[in-house]
Amino acid sequence: MSEALLDKGYEPHEVEARWYRYWLENKLFAAKDRDGEREAFSIVIPPPNVTGKLHMGHALNNTLQDILCRYQRLCGKNVLWMPGTDHAGIATQNVVEKQLASEGKSRDDLGRDAFIDRVWEWRKEYGGAIIHQLQRLGASCDWDRERFTMDEGLSRAVRKVFVRLYEEGLIYKGHYLINWCPRCHTALADLEVEHEEKASFLYHIAYPLTDGSGSLVVATTRPETLFGDTAVALHPEDERYADLSCASVKLPLTDREIPVIRDSYVDREFGTGCLKVTPAHDPNDFELGIKHGLEQIKAIDDDGRMNAHAGPFAGLDRFVARERAVAELEKQGLLVKKEDLTHSVGHCYRCKTVVEPNLSLQWFVKVGPLADKALKAVEEGKTRIYPENWTKTYYEWMRNIRDWCISRQIWWGHRIPAWTCEDCGRLLVLEADPETCPDCGGTALTQESDVLDTWFSSALWPFSTMGWPEKTDLLKTFYPTSVLVTGFDILFFWVARMMMMGTHFMDEVPFKDVYIHALVRDAEGKKMSKSLGNVIDPLEVIEKYGTDAFRFTLTSFAAMGRDIKLSEERVEGYRHFINKLWNAARFSLMHLDQAYDSFDPKAISLPDQWILSRLHSVGAQAQQALDTYRFNDAASILYRFVWNEFCDWYLEAIKPILFGKSGDAAMRATKGVLYRVISDTLILLHPIVPFVTEEIWEKLPGGRGSIMEADFPTLNWDNQRLAYSPEAEVSMEFVIELVTGVRNIRGEMNLSPAQALNALFHTDNPFQKEMLTQHQDLMKLLARLDTLDVMPVGERPRASATSIVSGSALYVLLEGVLDFAKEVERLDKAMAKVDKELGGIAAKLENSGFVDKAPEPVVKKVKAQYEELVEKRAQLLANRDRIAGMV
RNA sequence: GGGCGAAUAGCUCAGCUGGGAGAGCAACGGCCUUACAAGCCGUGGGUCACAGGUUCGAUCCCUGUUUCGCCCACCA
């Protein structure tokens, strides 16, 4: 027995490392490709970036997934949690370039092939970091199946998808205005641009009319783009310009003349109602330029510097050029006005550089048809989004979607499978690298230098990881996946695109449910960020408080649709819970010298019946909560059960039985119940706190293997032995009410727990009489009473404090000890409470509308409450007056 | 400009389809009662943001207002 004893305090670190190793070695996370019997359950992990370091978002995201996976395994399902990482094109390239820079080199010094080798090297060395961190979190992924978005199989899937979309006319190449990051030197998709409100200026600049009759004043926030202007636009019905006869203006700081055009696109209310048109550097102007056949002049180069079109400003950075140009315009008297204006400026989501709208040749996905399918799938309920209000956001986005720019001018990523024949100019888009041109037989084929947007490959993740385009058993068993768990920040980047690709290529949605969780913020509700210095490192938290405490904290705060404000104190609070559980187990183990795997239902005590009944309800509630993604509910249901019911009442109540005061048969029965309850409680808790539950499970006698292989308790409720018992709950509630009454008197009277007390209970109620005789010892123990006598309602004892229990009076005899004034005060307080409740209920009953219209059971219930309170009040008053008379 | 969400105890938050306001932490008082002082027992504390409406009845449903947060959007 002594060897089974647990240490006094729970020590997480050694336990966590040991069990994680055990689970891996015994393949307890492994899914079966095919399983004829068990139902399948699958989740694909949102692949963290290889450059990633575990942050709070990952911690929450993966804790929730792990809870679901572990829960479903306990429910007997064949569970696949597919792990992997994302190559994260721009992010990873940036990291490696930085590393090169510290060696004084650039990627161009290495050349494309050598650079890519270098990235792979980097990945080999550091790419596993995030995986190890997920393992510290307890993530039960099927690690043998780990995938990477750049590995061979996934690359094949990417090519296949690209070629098919191209052949279906859903991928095209063209010159369009895209968002350009001058630092990363690549195009970005609209989504990859972060807009931020910035204080800036609106410059009013005079463009002289060529006939010398004056000038047109345009308003712009980006004066440096004027070198790319190819027109000035007015609204056709703008009366201010109705008389204008001159059809062209002279572009300031240049020798060019540009036309004046009319278009209703121009907003007459804004600025001067006169718009400068720069088709190569502004998306609206681009459209306008096409409509009016305007020339497209690029004045800003890909590195963000002005080019030859800017004359004397050529070579200057765009922002320097802005200042210089404004100064020059002012000198020439062409700057009419400079006013304050805050407007939103786009930044690169990777490096935060201000993006430049730029004209270039790029590849695009025509998303309309794909979005239609993805939209319909959710409308038809094939995929359900939780919490539901995100569906609306999803719909909005899908309905207003624009074509997706997928080419990136970087090296790290899936190179676009398109080649140009140098001889005949033919463009080839193929899955396999071509040797010769099918048209002219030429062998000088040049592959596109661009790579694909990282999100292109992650859009295929749910099926590419399962072996698509092969028809694998894995796909057959696990696709569509059961649920996708993710944060809302990548709803569009990732979830929406998986929906498009999944419905298009698999003819089936990628997941049945999408659970969108909150963001983890700091204690003040601010987003955690390096620049604010408010980042809490999950690994440090784990180090300090243990993984289970951390996981329980995240789970408790993971209410649907609400952000989590995390601080260390909160984790500390839940560490107490882990410790409480540990100590409860320690106590139990002192009495469980063997596996008590059965008990005699006839020999069990009231607390036994009660705790079994409670376990039954709590198990059902926990199951319900987990089935509906109400993680915080599951956590709090179990927390309260373990602490406030199992520890506070049950363990205290069975102590005399365990110490042999009720005989051997009773002891055996109670040990059986204790064994059962603690076992089931551990299983219920295991999905949330896997380590401590496994550790305790192992120490329990019986040698039942890993807790991961146990059955979730609700699967096999044995109704004979373990059923919901309202009678037992009512009885135990009576005991609790009585005991609490005594404790209240003790507390309010400042009587030490050591002080011996005697009590009388006056009742004519048969049930109560029965309770008092049957469970007298139990009540005496819990209330620390020397004697507790029951007698018919009669004369009240003299010096006693009163507590009303279920309408009957309990008298705690305090001869020589009672402070009469204090007792009167206490009873007054109790009465005031009753009066307050009574007030509301009486008003309700006097309202004829309520009595007539409210449903029968409700009225009945309220009436019963009323009777009870009236009785209670009368009792209190009688006793109060009696004591008052003795002062 | 559109959309979404939040406002409940000193703090952080629950409160599922309308029927007597809850938890944790903090505070206060008392306890080292042989699993646990990371503990035990007890106590206090809320016009459920504001104003209307629907209803017999509203923290919950509807309308409006205020404050805060987020997302989306090509108005220079």
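These values consider heavy atoms only, across backbone and side chains, with no hydrogens, waters or symmetry-generated copies. Residue numbers start from 1 in every chain, and the chains themselves are labelled A, B, ... in the order their sequence lines are given, proteins ahead of strands.
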List in chain and number order the residues that pass side-chain hydrogen bond (donor to acceptor under 3.5 Å, both in side chains) with [X], two or more places apart in sequence or in another chain; answer none if no residue qualifies.
{"X": "A:D267", "value": "none"}
{"X": "A:K822", "value": "none"}
{"X": "A:Q624", "value": "none"}

Quick one: which residue pairs count as a side chain to side chain donor-acceptor pair (under 3.5 Å) with a foot in residues 745-755 of chain A, not counting sequence neighbours? A:E748-A:K829
B:rC31, B:rC71, B:rA76: which one has an atom nearest the side-chain heavy atoms of A:F492? B:rC71
Ignoring the backbone of A:N750, work out which of B:rG39, B:rG30, B:rG44 is nearest its side chain. B:rG30
What is the per-nucleotide protein-contact pattern of nucleotides 19-25 of chain B, from the 5' end, where B denotes a base atom under 4.0 Å from a protein heavy atom, S denotes such proximity for sugar-phosphate atoms only, and - denotes neither? BB--S--
Nearest-nucleotide check on RNA chain B, A:H195 vs A:R575; residue mapping nearer the 5' end is A:R575
Closest nucleotide of RNA chain B for A:S556 versus for A:F577: which of these residues is on the 5' side? A:S556
So does A:K392 get a side-chain nitrogen or oxygen closer than 4.0 Å to the phosphate oxygens (OP1/OP2) of B:rG3? no
Does A:N744 put a side-chain nitrogen or oxygen below 4.0 Å from OP1 or OP2 of B:rU43? yes
Side chain to side chain contact (heavy atoms under 4.5 Å, CB included) with [X]: which residues, sequence neighbours excluded?
{"X": "A:D828", "answer": "A:V824, A:M831, A:R880"}
{"X": "A:A231", "answer": "A:P259, A:I261, A:V277, A:L294"}
{"X": "A:P857", "answer": "A:P855"}

When the [atom1] atoms of [M] and [N] are compared, how many Å lie between them, rounded to an integer?
{"N": "B:rG10", "M": "B:rA26", "atom1": "C1'", "answer": "7 Å"}
{"N": "B:rU8", "M": "B:rU47", "atom1": "C1'", "answer": "12 Å"}
{"N": "B:rA9", "M": "B:rA14", "atom1": "C1'", "answer": "13 Å"}
{"N": "B:rC72", "M": "B:rU54", "atom1": "C1'", "answer": "34 Å"}
{"N": "B:rG45", "M": "B:rC40", "atom1": "C1'", "answer": "22 Å"}
{"N": "B:rG15", "M": "B:rC48", "atom1": "C1'", "answer": "11 Å"}
{"N": "B:rC61", "M": "B:rU17", "atom1": "P", "answer": "7 Å"}
{"N": "B:rG64", "M": "B:rG3", "atom1": "P", "answer": "11 Å"}

Modelled atom types, side-chain donor and acceptor of [X] and [Y], under 3.5 Å:
{"X": "A:D403", "Y": "A:Y176", "value": "no"}
{"X": "A:S556", "Y": "A:N632", "value": "no"}
{"X": "A:H235", "Y": "A:D263", "value": "no"}

Side-chain (A:R322) to main-chain (A:T225) donor-acceptor, under 3.5 angstrom: no
May I ask you to say what [X] touches in the nucleic acid, namely base, sugar-phosphate or nothing, with a heavy-atom cut-off under 4.0 Å?
{"X": "A:F286", "value": "nothing"}
{"X": "A:R784", "value": "base"}
{"X": "A:S636", "value": "nothing"}

Could you work out, with salt bridge (Lys or Arg N to Asp or Glu O under 4.0 Å) as the rule, every residue matching A:D648, not counting sequence neighbours? none
Contacting residues from residues 645-655 of chain A, given that a heavy atom lies under 4.0 angstrom of RNA chain B: A:C647, A:D648, A:L651, A:E652, A:K655
Is the A:Y349 ring parallel, tilted or perpendicular to the A:F493 ring (thresholds 30°, 60°)? parallel
Give RNA chain B the dot-bracket treatment, 5' to 3': Watson-Crick (N1-N3 with N6-O4 or O6-N4) or G-U (N1-O2, O6-N3) under 3.5 Å, [ ] crossing, | other strand. (((((((..((((.....[..)))).(((((.......))))).....(((((..]....))))))))))))....
Cation-pi check, A:R399 to A:Y395: give yes when NZ or CZ is under 6.0 Å from the six-membered ring centre and within 45° of the ring axis, no otherwise. yes
How about CZ on A:F488, more than 12 heavy atoms from neighbouring residues, nucleotides or ligands closer than 6.0 Å, or not? yes
Nucleotide N/O of nucleotides 15-17 of chain B paired with protein N/O under 3.5 Å:
unit_1, atom_1, unit_2, atom_2, d
B:rG15, OP1, A:R630, NH2, 3.4

